[in-house]
Amino acid sequence: MTNVVAPDTGTAVDAGALREAMTGALVTQDSADYDDVRRVWNGDVDRRPAMLARCESDADVVAAIGFARRAGLEIAVRGGAHSVGGASTVDGGLVIDLSRMNDVQVDLERRLAKVGGGALLRDVDAATQEYGLAFPVGAISHTGIGGLALGGGMGWLTRRHGLSIDNLESARVVTADGQVLRAAADENPELFWALRGGGGNFGVVTEFEFRLHEVGPMIQFGMLFWELEQGAEVLRLARDVLATLPVEFNIIFGGMNAPPAPFVPEQHHLRPGYGMIVVGFGGPEAHAELVARLSGALPPLVEFAGPMPYVALQQMMDEASAWGRHSYEKGAYLTELTDEAIKVVTTQVPRRNSPLSMLLFYRLDGAYSEVAEDTTAFGGRRSPRFAVYVLAVCLDAATLAADRAWARATWQALRPHAATAGCYVNSMAEHEDDRVRAAYGGKYQRLARVKSSYDPENVFHRNMNVTPG
Ligand code: FAD
């Protein structure tokens, strides 16, 4: 018998009752693997939950929620554990760990992927690419689909096929009162609307169904890298080229250090500058032309182009964003990359302290902009724009203190040039009420009404929290 003292009531709770009720393992502070299992992606987050329920089924999730509520334990829900702010863990509470619910099945007839709520992007890519299929997800394969998709989900395929949520067909959700519901256009439609952008506020998603598209398995990859002093020219070039670029291509670009990758000559490894990754989903000729157009306009220090499997593209930046680094981030939307905004970026990028910190631009247009504003709860508006990620990534806490200040200063300086006061909810390390309201803008009140229907007591509050009302 393992006794845990519930912080809310001060009474001892017998964890054995939950252990017996679950198929999956229950990890408590006296378990040998406790320190391993409680770790999250951000090395700067070090919390000590009372227990972690490693759920393997809907029934396990129902049991864990019921147990935590009866015992007065705060609940955190964990998919891939990549919340930079540490939303998926909690001191003294119960973590519903979905990492074992990572099965991905492809239904070829219906062209759908059934994805477990705790799957990682790499699980998704491996299963769907076996058939040359995919749906839009993020660009780092160790991220969880749970948190990523519930906040929106943007990546290489977003210009072509929208956000992850734009491809969501249905979700199976365990609610705060232990019901297992299906949410889809024809069943619990308000819940379905809210899940597409509203984060983990409404329940625990144990399975998603996503629509699939033909992608790869080979894609065209290109990487260009320029000197730090050429920042303004690189950003103007990216802006001008992206404005006319067919959705068969995508470019992620920004201020960073050159990766120590095999296609980067050794003398340039970790050199500070500006990089562009140029991906093509069509044939090699058009991609080679685009890379030549970019390098012709502004000759780079490093240029590489060639075919690559889509799954390799998805894993390309994994190491640069490895587990355990001390991290912090701020986000913004820019509808225009004006010369004034470029000036802010080129002033701030050289002020980073860690070679791993970076400032990245994702392009949102094409299929992203074809979705009507009210179709989903996604906070960002659908007009073409750039999502800006200001990422502080450091090997130790002391450097993070400096780069956290850098990220905040960069964000403050960008604010006058931003499209709205809000940003992408998944690029927020802090979840203060006013920032969450700003992120959802005019959709906040509708989200609050859905919240009061499905989680009136705000059981699921370790997220970009919407207050029931
Ligand atoms: P977790 O920390 O497990 O969860 C985050 C939040 O979602 C928590 O509030 C949690 O309770 C909730 N949640 C998770 N799963 C479920 C579920 N099944 N049911 C209910 N609630 C759930 N975003 C992009 O859009 N594109 C990118 O390319 C991208 N790249 C990233 C790269 C890195 C290295 C990192 C750290 C983040 C990146 N992000 C990106 C942001 C990412 O979308 C968020 O960090 C997201 O929260 C990660 O989801 P997760 O399941 O791993 O996180």
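First listed ligand is number 1; within each ligand, the first listed atom is number 1. What's counted below: heavy atoms across the whole structure, side chains too, no hydrogens, waters or symmetry copies. Quantities reported herein were computed from a predicted structural model and do not represent experimental measurements.
Within 4.0 Å of ligand 1, contacts by protein heavy atoms are made from W41, V77, R78, G79, G80, A81, H82, S83, A87, S88, L98, G117, G138, A139, I140, T143, G144, G146, G147, L148, L150, G153, M154, G200, G203, V204, V205, S321, Y362, Y389, Y424, N426, R462, N463.
With sequence neighbours excluded, no residue satisfies ring pair (Phe, Tyr, Trp, His ring centres under 6.0 Å) with Y34. Evaluation of the side-chain hydrogen bond (donor to acceptor under 3.5 Å, both in side chains) rule for S141 yields D318 as partners, not counting sequence neighbours. For S321, there are no side-chain hydrogen bond (donor to acceptor under 3.5 Å, both in side chains) partners two or more places apart in sequence or in a different chain.
Taking the six-membered ring for Trp and the full ring otherwise, the centers of F208 and F135 sit at least 6.0 Å from each other.
Geometrically, R196 engages F192 in a cation-pi contact defined by less than 6.0 Å to the ring centre and at most 45° from the axis.
Between R408 and E329 there is no salt bridge, since no side-chain nitrogen of the basic residue lies less than 4.0 Å from a carboxylate oxygen of the acidic one.
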